[in-house]
Trainee: 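The structure that follows is given in the form of structure tokens.
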Amino acid sequence: MRAAGLMLASTLSFGVMAIAIRLASQSLHTFEVAFFRNLFGLLAVLPLLLSARRAELRTRQLPKYFVRCAIGIVSMLCGFWAIGHLPLAQAISLTYSTPIFVTIAAALFLHEQVRARRWAAVAAGFVGVLVIVRPGSTEFSVDSLAALAAAVLGGVIAIQIKQLSKVDSANTIVLYTYSFWVPMSLIPAVFVWQWPQGMAWVWIVAAGVFGTGGQVLWTHALKLGEVSALTPISFVQLPLVSIAGWLWFGEGLDRYTVIGAAIILGSNAYIARREALLARQRASSAATAGAVPGE
């Protein structure tokens with residue numbers, strides 16, 4: 001129950017972050033919104049990092065962090081652009097396709113064995129993406145491609161974090177990620193710079209604080225519970241942003257987004273369930289091997 005509560009809080013935090021990004025994008029360029037989200041996110045997480053042990057924050061993987069963060073910035077800019085220019089429900093629905101690309105990246109870069117049933121779930125997820133994006137129709141746009149690019153790069157980032165976490169702690173990853181993200185996101189922001197005015201400050205601070213809070217809550221939730229049980233809770237974000245889009249931005253919810261999102265979410269739930277099942281099988285096999293006399 002505690003893990004479920006943390007995951008729900010994380011989901012709501014990410015939903016608020018998306019709404020804040022959309023509101024900030026009405027008066028600020030996407031590049032600036034990304035910079036301020038990172039800056040205030042770093043400030044929000046500093047107390048946690050300062051309480052960590054100094055030895056825990058050391059790393060020998062700086063080049064890998066640089067590459068991971070460079071890809072992360074491009075993914076973030078694409079995702080923020082989509083949130084600022086697409087209906088919220090459509091932008092968030094497409095971000096849910098990230099686990100599909102994580103599965104593909106794991107097979108390509110980590111050489112993980114992906115069997116037929118998970119490939120079938122990946123294929124189903126692609127169908128859901130196509131239903132939302134509708135290539136060749138009048139509804140197809142570059143903004144949709146930006147959301148899809150963010151999801152693809154998000155899959156690559158997930159694999160990179162998995163590799164980094166084999167050596168470094170979660171606090172180390174957070175510290176170096178934000179340390180690179182802030183200056184990296186400042187570079188494109190400088191070319192479109194204008195100082196935020198009035199309520200824009202509220203939205204960019206909210207984006208940073210709730211985005212970072214969502215990440216911390218998500219990490220702790222996964223430490224306490226299984227991915228397969230917690231993943232469906234994250235789908236609460238979609239109705240939250242859909243209602244916000246309808247109330248605050250006058251956005252409707254078209255049937256293609258609903259159908260495509262349902263297919264993607266179903267695919268995600270199956271992939272998460274299979275990965276959790278395989279993880280338990282591997283753990284059980286390892287325990288059995290370790291119990292063999294003489295081993």
Side-chain angles (χ1 to χ4, degrees), residues 3-4 6-15 18 75 79 82-83 86-108 112-135 137 139-140 144-145 147-159 162 214 218 221-222 225-246 251-281:
L6 289 170
M7 180 59 79
L8 180 59
S10 170
T11 298
L12 295 177
S13 294
F14 283 132
S75 176
I83 290 173
L86 286 175
L88 272 176
Q90 185 177 351
I92 298 302
S93 295
L94 289 172
T95 64
Y96 277 121
S97 64
T98 296
I100 299 169
F101 299 108
V102 171
T103 302
I104 296 172
L108 291 176
E112 289 187 4
Q113 188 174 24
V114 179
R115 298 187 184 279
R117 281 180 288 183
R118 274 201 291 170
W119 282 125
V122 168
F126 270 117
V127 171
V129 170
L130 292 175
V131 170
I132 296 175
V133 174
R134 283 172 280 170
S137 71
E139 300 297 326
F140 179 72
S144 298
L145 288 180
L148 194 56
V152 173
L153 294 175
V156 176
I157 292 166
I159 297 302
K162 187 173 182 179
W218 179 77
L222 292 184
E226 292 188 354
V227 175
S228 58
L230 297 176
T231 295
I233 298 175
S234 67
F235 301 159
V236 174
Q237 184 183 2
L238 187 54
L240 172 66
V241 298
S242 299
I243 293 171
W246 174 60
E251 298 172 354
L253 191 62
D254 68 88
R255 65 179 183 274
Y256 293 103
T257 299
V258 173
I259 295 171
I263 296 172
I264 292 172
L265 298 183
S267 170
N268 284 354
Y270 181 80
I271 290 172
R273 181 177 177 276
R274 284 295 300 168
E275 288 181 349
L277 178 61
L278 292 173
R280 285 197 297 270
Q281 290 175 349

Trainee: For the residue pair Ile264 and Ile132, establish whether any side-chain heavy-atom pair is separated by less than 4.5 Å.
Mentor: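 Yes. Closest side-chain heavy atoms under 4.5 Å.
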
Trainee: Considering all heavy atoms of both residues, which atom of Ala18 and which atom of Gln237 are nearest to each other, and what is their separation?
Mentor: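 Minimum heavy-atom separation between Ala18 and Gln237: CB-NE2, 4.5 Å.
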
Trainee: What do the steps show when you test Leu265 against Leu238 for side chain to side chain contact (heavy atoms under 4.5 Å, CB included), and what is the final call?
Mentor: CA-CA 10 Å; Leu265 298 183; Leu238 187 54; 4.3 Å; yes

Trainee: Kindly give the heavy-atom pair with the smallest separation between Gly214 and Phe14, and that separation in Å.
Mentor: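 For Gly214 and Phe14, the tightest heavy-atom pair comes out as C-CZ, 3.4 Å.
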
Trainee: Looking at residues at least two apart in the chain, or sitting in another chain, which of them share a side-chain contact (heavy atoms from CB on, under 4.5 Å) with Ala107?
Mentor: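 Checked Ala107 against side-chain contact (heavy atoms from CB on, under 4.5 Å); matches are Val114, Trp119.
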
Trainee: Side chains of residues 92-101: which donor-acceptor partners sit under 3.5 Å, not counting sequence neighbours?
Mentor:
{"from": "Ser93", "atom 1": "OG", "to": "Ala89", "atom 2": "O", "distance (Å)": "2.7"}
{"from": "Thr95", "atom 1": "OG1", "to": "Ile92", "atom 2": "O", "distance (Å)": "2.5"}
{"from": "Tyr96", "atom 1": "OH", "to": "Ser234", "atom 2": "O", "distance (Å)": "2.5"}
{"from": "Ser97", "atom 1": "OG", "to": "Leu94", "atom 2": "O", "distance (Å)": "2.6"}
{"from": "Thr98", "atom 1": "OG1", "to": "Thr95", "atom 2": "O", "distance (Å)": "3.0"}

Trainee: Out of curiosity, Leu240 CG to Leu88 CG, how far, rounded to the nearest 0.5 Å?
Mentor: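 Answer for the CG-CG pair, Leu240 versus Leu88, is 9.5 Å.
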
Trainee: Does any N or O in the side chain of Ser10 come within less than 3.5 Å of the main-chain N or O of Leu6, such that one atom is a donor and the other an acceptor?
Mentor: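 Between the backbone of Leu6 and the side chain of Ser10 there is no qualifying donor-acceptor contact (under 3.5 Å).
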
Trainee: Kindly compute the distance separating CZ (Arg118) from OG (Ser267), expressed to the nearest 0.5 Å.
Mentor: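 One finds 11.5 Å between CZ of Arg118 and OG of Ser267.
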
Trainee: Please name all residues satisfying side-chain contact (heavy atoms from CB on, under 4.5 Å) with Ile259, sequence neighbours left out, ordered by chain then number.
Mentor: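 side-chain contact (heavy atoms from CB on, under 4.5 Å) list for Ile259, sorted by chain: Val131, Ile263.
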
Trainee: Of all heavy-atom pairs between Pro87 and Glu251, which one has the smallest distance, and what is that distance?
Mentor: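 Taking every non-hydrogen atom into account, CA-OE1, 3.4 Å.
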
